[in-house]
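Here, residue 1 is the first one in the sequence, and each next residue gets the next number.
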Amino acid sequence: MGILSVVGTPIGNLGDMTYRAVETLEKADFICAEDTRVTAKLLNYFDIKTPLVSYHEHNAKQVGESILNRIMAGENAAIVTDAGMPCISDPGELLVKLCAENGVKVEVVPGPSAVVSALAISGLDTARFQFEGFLSTTKKQRLNHLASVKNCTNTLIFYEAPHKLIYTLKDMLEYFGDRRISLCRELTKIHEEVFRTTLAQAVEYYEANKPKGEFVLVIEGAKEDELCPVENIEEALEQVKALVEKGMRGADACREIAKATGFSKGELYGLLFK
């Protein structure tokens with residue numbers, strides 16, 4: 001039986017590629033790539049001739065079984081993503097689970113990570129943090145996500161694309177209040193930039209300046225003295241109504257406030273529609 005190697009690749013600067021990563025990709029029988037065109041450029045730069053297999057979110061289930069069968073037959077596979085560590089907010093997660101469930105050895109060849117890199121230079125608390133990935137483009141799921149982490153005291157990290165950045169910042173300002181934020185873009189590239197500011201100032205800036213490049217948003221967690229404990233169900237109901245006014249469905253708002261306060265979702269729902 002072969003093995004699956006999870007290989008980190010540069011997030012921008014090709015000089016960040018490790019010797020071990022190059023060696024692993026050279027020795028693999030095949031490489032699973034999210035976008036074979038992107039990975040082909042990387043392989044050409046390092047003169048790696050290993051064949052590629054297309055593996056992405058739209059074909060993961062179908063191709064995953066084929067990859068597993070090849071590994072179980074004795075071939076060694078590597079998996080990469082377009083940039084950074086595969087399997088983090090990435091379909092490679094499914095392949096690792098499939099291999100683990102079938103007794104296939106999975107090893108990691110660590111490399112650059114946009115999440116940790118942005119956190120390290122954010123200037124915010126790094127002792128405890130949560131990576132939240134991308135917010136959904138669906139309004140309901142987006143609001144539910146923000147509501148679920150509103151009272152989290154850990155530093156929060158999100159990914160965001162430039163064309164959605166201003167909407168995300170406005171939603172965060174509404175849900176989180178005016179917290180400190182570090183907007184990190186184009187990490188390790190020529191135009192790397194870290195903009196340390198507040199959510200309100202970020203909204204003002206990017207309304208006047210079109211965002212460019214992929215962003216990692218590092219946001220200050222909720223402060224302990226800002227958390228407002230709910231003493232009775234009437235106060236919990238007011239929080240539910242506030243979420244509903246922002247566009248969240250009643251049932252979803254009741255569920256989120258129930259988790260945060262300990263009151264019954266059913267009881268809150270009954271009072272909301274009384």
Quiz prompt | Flag side-chain contact, heavy atom, 4.5 Å: Ile157 against Gln130 | solution = no

Quiz item: Going by heavy atoms in the side chains, are Met85 and Val6 under 4.5 Å from each other?
Solution: yes

Quiz item: Roughly how far, to the nearest 0.5 Å, is the CG atom of Asn209 from the CZ atom of Phe195?
Solution: 8.5 Å

Quiz prompt | Spatial distance of atom CD (Glu57) from atom CD (Glu93) [nearest 0.5 Å] | solution = 12.0 Å

Exercise. Run the numbers on Lys265 and Ile257 for side-chain contact (heavy atoms from CB on, under 4.5 Å), then give the verdict.
Key: CA-CA 8 Å; Lys265 173 189 172 184; Ile257 299 305; over 6 Å; no

Quiz prompt | Arg20: partners by side chain to side chain donor-acceptor pair (under 3.5 Å), with sequence neighbours left out | solution = none

Exercise. Could you list the residues that satisfy side chain to side chain donor-acceptor pair (under 3.5 Å) with Asp171, not counting sequence neighbours?
Key: Arg142

Practice problem: Decide yes or no for Lys61 and Asn59: does some side-chain heavy atom of the first lie under 4.5 Å from some side-chain heavy atom of the second? | Solution: no

Self-check item: Within residues 195-219 or reaching into it, pairs that qualify as salt bridge (Lys or Arg N to Asp or Glu O under 4.0 Å) - sequence neighbours excluded
Solution: Lys170-Glu207

Quiz prompt | For Phe215, all residues meeting ring-ring contact (aromatic ring centres under 6.0 Å, His included), sequence neighbours excluded | solution = Tyr206

Quiz item: Counting distance only, does the side-chain N/O of Thr138 pair as donor-acceptor with the main-chain N or O of Gln141 below 3.5 Å?
Solution: no

Quiz item: Can you tell me how far CG of Leu135 sits from CG of Asn144, rounded to the nearest 0.5 angstrom?
Solution: 11.0 Å

Quiz prompt | Stepwise side-chain contact (heavy atoms from CB on, under 4.5 Å) test for His145 and Glu132 | solution = CA-CA 9 Å; His145 191 164; Glu132 296 292 329; 2.8 Å; yes

Quiz item: So do the side chains of Gln201 and Asp178 get within less than 4.5 Å of each other, counting heavy atoms only?
Solution: no

Exercise. State whether the side chain of Asp29 and the backbone N or O of Asn76 hold a donor-acceptor pair below 3.5 Å, judged by distance alone.
Key: yes

Quiz item: If you group Ile, Leu, Val, Met, Phe, Trp and Tyr whenever their side-chain heavy atoms sit less than 4.5 Å apart, what else falls in with Ile3?
Solution: none

Quiz item: Is Val96 reachable from Leu25 through a run of I, L, V, M, F, W or Y residues, each pair having side-chain heavy atoms under 4.5 Å apart?
Solution: no

Quiz item: Who passes side chain to side chain contact (heavy atoms under 4.5 Å, CB included) against Asn102, sequence neighbours left out?
Solution: Leu68, Met72, Leu98

Exercise. Considering non-hydrogen atoms only, spot the tightest contact between Glu34 and Pro91 and give its length.
Key: OE2-CD, 4.4 Å

Quiz prompt | Salt-bridge criterion met for Glu101 and Lys97 (N-O under 4.0 Å) | solution = no

Exercise. Could you give me the CA-CA distance, side-chain angles and deciding distance for Ile181 and Val218, then say whether side-chain contact (heavy atoms from CB on, under 4.5 Å) is met?
Key: CA-CA 6 Å; Ile181 180 174; Val218 187; 5.9 Å; no

Practice problem: Check Ala78 against Val7 and note the closest heavy-atom contact, atom names and distance. | Solution: CB-CG2, 4.1 Å

Quiz prompt | hydrophobic_cluster_shared for Leu183 and Leu146, side chain cutoff 4.5 Å | solution = yes

Self-check item: Short side-chain to backbone donor-acceptor contact, Thr81 and Pro86, under 3.5 Å
Solution: no

Quiz item: How would you list, by chain and number, every residue that makes a ring-ring contact (aromatic ring centres under 6.0 Å, His included) with Phe129, sequence neighbours excluded?
Solution: none

Self-check item: Test item: Asp82 side-chain N/O and Asp35 main-chain N/O as donor-acceptor pair under 3.5 Å
Solution: yes

Quiz prompt | Pairs flagged by ring pair (Phe, Tyr, Trp, His ring centres under 6.0 Å) wherever residues 57-88 is involved - sequence neighbours left out | solution = His56-His58

Self-check item: Cys32 versus Ile67, closest heavy-atom pair with distance
Solution: SG-CD1, 3.5 Å

Exercise. For Ser122 and Leu119, indicate whether the former's side chain and the latter's backbone hold a donor-acceptor pair under 3.5 Å.
Key: yes

Quiz prompt | Non-neighbouring partners of Tyr159 that pass ring-ring contact (aromatic ring centres under 6.0 Å, His included), sequence neighbours left out | solution = Phe131, Phe134

Quiz item: Has the side chain of Thr36 got a donor or acceptor atom that lies under 3.5 Å from a matching backbone atom of Ala33?
Solution: no

Quiz item: For the hydrophobic clusters of this structure (ILVMFWY residues joined by side-chain heavy atoms under 4.5 Å, transitively), does one cluster hold both Leu52 and Ile71?
Solution: no

Exercise. Just jot down the side chain to side chain donor-acceptor pair (under 3.5 Å) partners of Glu107, sequence neighbours excluded, or say none.
Key: Ser5

Quiz prompt | Sole residue of Leu169, Leu165, Thr197, Thr168 in side-chain contact (heavy atoms from CB on, under 4.5 Å) with Val203 | solution = Leu169

Quiz prompt | By ring-ring contact (aromatic ring centres under 6.0 Å, His included) - contacts of Tyr167 (at least two apart) | solution = none

Practice problem: Under the side chain to side chain contact (heavy atoms under 4.5 Å, CB included) rule, collect the residues that match up with Lys41, sequence neighbours excluded. | Solution: none

Quiz item: Roughly how far, to the nearest 0.5 Å, is OH of Tyr45 from CE of Met17?
Solution: 11.0 Å

Exercise. Could you check if a side-chain atom of Val104 sits within less than 4.5 angstrom of a side-chain atom of Met1, using non-hydrogen atoms only?
Key: yes

Exercise. Please determine if Arg180 and Glu220 form a salt bridge, counting it only when a charged side-chain N lies under 4.0 Å from a carboxylate O.
Key: yes

Exercise. To the nearest 0.5 angstrom, please state how far the SG atom of Cys99 sits from the CG atom of Leu94.
Key: 11.0 Å

Quiz item: Of the non-hydrogen atoms in Val216 and Ala118, which two are nearest, and what is the gap between them?
Solution: CG1-CB, 3.5 Å

Quiz item: Is Lys140 close to Asp252 at the side-chain level, that is, under 4.5 Å between some pair of heavy atoms?
Solution: yes

Quiz item: Do Arg70 and Phe30 meet the cation-pi criteria used here (NZ or CZ under 6.0 Å from the six-membered ring centre, within 45° of the axis)?
Solution: yes

Quiz item: Hey, any chance Val80 and Leu43 share a hydrophobic cluster, counting ILVMFWY side chains that come within less than 4.5 Å of each other, even indirectly?
Solution: yes

Exercise. Tell me, with the steps shown, if Ile121 and Leu187 meet side-chain contact (heavy atoms from CB on, under 4.5 Å).
Key: CA-CA 10 Å; Ile121 60 175; Leu187 290 174; 3.9 Å; yes

Self-check item: Main-chain N/O of Thr188 paired to Glu192 side chain as donor or acceptor, under 3.5 Å
Solution: yes

Quiz item: Less than 4.5 Å apart, any side-chain heavy atom of Leu217 and any of Cys184?
Solution: no

Quiz item: Do Asp125 and Thr155 meet the criterion of a side-chain donor-acceptor pair at a distance under 3.5 Å?
Solution: no

Quiz item: What heavy-atom pair brings Phe46 and Glu26 nearest, and what distance separates the two atoms?
Solution: O-OE2, 4.4 Å

Quiz prompt | Approximate separation, where rounding is to 0.5 Å, of Thr126 OG1 and Asn154 CG | solution = 11.5 Å

Self-check item: Distance-minimising heavy-atom pair for Leu42 and Pro10
Solution: CD1-CD, 4.3 Å

Quiz item: Same hydrophobic cluster for Val106 and Val109, using side-chain heavy-atom links shorter than 4.5 Å among ILVMFWY?
Solution: no

Self-check item: pair Ile79-Ile31: side-chain heavy atoms closer than 4.5 Å
Solution: no

